[in-house]
Amino acid sequence: MRATIGRRANEIYRAVRCRNRIVSRYVFNAGAVRDHRRHTVELSPAAAALAGRLITDGVASAAAVDVVGDPDLVARVRQRAQELYDSPRPESDPLKPYLFQLLGENPELRPDDPLLHFALDPQIRGIAERYCGMRLRVQDLNVWVNEPTDGPAQQSQRWHRDVPEDHDIVKCFLYLSDVTPAAGPMSYVTGTNTPQGRRIKMATEYDGGGYRLADEDVAEAFRSERTVTAEGPAGTVIFADTLGVHRGGHATGAERVVLQITYGSHASLRRARLRPADGVAPDALPDVRLATV
């Protein structure tokens, strides 16, 4: 009985803190909203266009070199990712044996890391902040390697919405390898990020890691032309609000290597994983949401 009451109380708390737009914006994120209004980053035409498509569709992509403020940054990111790729690889996620996170479960960051520079690039972060209408912090950052697997899609390779741990969950993916259909590009149902799209309810199945949607239910609920598949060559940057209906990472014939960035607000309930590297003071990473332990 107590456990049931506790779960219900937690659900109500999450619903108020993260799903209620007014509470999220003007209680937990009031300062971040003011900062964004007073110090809005002027986006380049390419970045502004990408942000506009993200707002409308929930997903948008472009060539990263056309978006970032520093034209050499993408090359430095790719070099850093190659160093990680060539190093001994951490164990895969037990729930996702096909996925390797090259920075490990709890990434340790340095202020001069090109991966972090990309995440904090004013144009890249500015796109996420234009979407959310507030200042955001880097909440997660890693280099993912999705290895090809046999068999049916599993876990996040199936249709789903992310757990609502924030009012908006904006993720950025920089492709570090060519992502063809064989490499498992993300698929997204456009418009399911909007208030109307989020209200669409479908039956779900819990698989131990999250609540998944059946392929046939998604096909029946949405027209096929609303589904986009985010293929692209290395150097493509993709933004998505993963509270929209999506799936990805089901590589069947080629690896998918991506830099994954999650931006978060002060209302976020997602567990913080990022940590300062040895010798780095926490205040040297002011725009990163750091784990407290």
Side-chain angles (χ1 to χ4, degrees), residues 1-41 51-60 125-140 156 159-172 188-206 209-213 217-218 221-222 226 239-247 261-274 287-292:
M1 181 64 176
R2 288 184 179 179
T4 302
I5 294 173
R7 283 197 299 271
R8 181 56 180 160
N10 186 52
E11 290 173 0
I12 294 172
Y13 178 69
R14 283 176 175 269
V16 172
R17 176 168 176 151
C18 295
R19 299 179 201 173
N20 185 295
R21 183 178 183 274
I22 293 175
V23 172
S24 176
R25 288 183 64 80
Y26 301 112
V27 177
F28 292 98
N29 290 300
V33 170
R34 287 195 301 269
D35 286 348
H36 177 69
R37 289 174 176 172
R38 293 172 181 172
H39 309 289
T40 301
V41 172
R53 295 196 303 275
L54 178 62
I55 291 168
T56 301
D57 294 341
V59 65
R125 183 166 59 155
I127 291 167
E129 292 179 341
R130 173 76 63 88
Y131 181 81
C132 295
M134 67 181 71
R135 292 283 289 175
L136 300 171
R137 295 178 293 175
V138 174
Q139 181 158 277
D140 196 12
S156 59
W159 290 110
H160 66 285
R161 298 179 189 266
D162 281 6
V163 176
E165 297 171 318
D166 211 344
H167 188 270
D168 304 302
I169 300 180
V170 182
K171 294 184 179 180
C172 173
Y188 195 101
V189 180
T190 59
T192 54
N193 63 305
T194 64
Q196 298 84 355
R198 293 184 187 186
R199 285 196 290 267
I200 297 172
K201 303 297 182 184
M202 289 183 286
T204 61
E205 173 194 354
Y206 185 69
Y211 293 89
R212 315 304 176 189
L213 306 171
D217 290 346
V218 173
F222 306 105
R226 288 186 58 181
F239 283 83
D241 180 349
T242 53
L243 286 176
V245 176
H246 67 287
R247 63 182 177 184
I261 304 159
T262 303
Y263 295 96
S265 78
H266 290 276
S268 175
L269 291 170
R270 183 185 180 93
R271 183 169 73 87
R273 298 179 182 274
L274 303 178
D287 296 312
V288 178
R289 182 169 179 252
L290 298 171
T292 56

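Here the structure is a predicted model, which means the values were calculated and not measured. Sequential numbering from 1 along the given sequence is applied to the chain's residues.
Proximity of D287 to V138: side-chain heavy atoms (C-beta onward) are nowhere separated by under 4.5 Å. Counting heavy atoms from C-beta on, the side chains of F222 and I200 come closer than 4.5 Å. Side-chain contact between L213 and T204 is present, with at least one heavy-atom pair separated by less than 4.5 Å. Residues M202 and Y211 form no side-chain contact, since every pair of their non-hydrogen atoms from C-beta on lies 4.5 Å or further apart. Under the 4.5 Å side-chain criterion, counting only non-hydrogen atoms from C-beta, R270 is in contact with Q139.
The two residues L269 and C18 make their nearest non-hydrogen contact at CD1-SG, 3.7 Å. Scanning both residues, T56 and T194, for their nearest heavy atoms gives O-CG2, 4.2 Å. When all heavy atoms of S268 and D166 are compared, the pair lying nearest together is CB-OD2, 3.4 Å. The minimum heavy-atom distance between I169 and D162, with the atom names listed, is CD1-CB, 4.0 Å. What you find for F28 and A267 is that their closest heavy atoms are CB-CB, 3.7 Å. Nearest heavy atom pair, residue V170 against residue A128, reads CG1-CB, 3.7 Å.
Judged by distance alone, with hydrogens and angles left aside, the side-chain atoms of N29 form a donor-acceptor pair with the main-chain N or O of H266 at under 3.5 Å. At least one donor-acceptor pair under 3.5 Å links the side chain of N20 to the backbone N or O of I22. Remark: side-chain polar atoms of R212 are not paired, donor with acceptor, to backbone N or O of E205 under 3.5 angstrom.
The structure places CG of L54 at 12.0 Å from OG1 of T190, a figure rounded to the nearest 0.5 Å. Rounding to the nearest 0.5 Å gives a distance of 8.0 Å between CZ of R17 and OG of S265. Separation of atoms CZ (R273) and CZ (R289) is listed at 11.0 Å; rounding is to 0.5 Å.
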#### Entry: Stepwise side-chain contact (heavy atoms from CB on, under 4.5 Å) check, D140 with I261
CA-CA 6 Å; D140 196 12; I261 304 159; over 6 Å; no
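For H160, the ring-ring contact (aromatic ring centres under 6.0 Å, His included) test picks out H246, with sequence neighbours left out. Qualifying ring-ring contact (aromatic ring centres under 6.0 Å, His included) partners for Y26, counting only residues two or more places apart in sequence or in other chains: none.
Tested against T192, the residues R226, R199, R198 include a single side chain to side chain contact (heavy atoms under 4.5 Å, CB included) partner, R226.
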Contacts under 3.5 angstrom, residues 129-137 side chains, donor-acceptor by atom type, not counting sequence neighbours:
residue: E129; atom: OE2; partner: L136; partner atom: N; Å: 2.9
residue: Y131; atom: OH; partner: N193; partner atom: ND2; Å: 3.1
residue: Y131; atom: OH; partner: D241; partner atom: OD2; Å: 2.7

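Between Y263 and F239, the ring-plane angle classifies as parallel under the 30° and 60° cut-offs.
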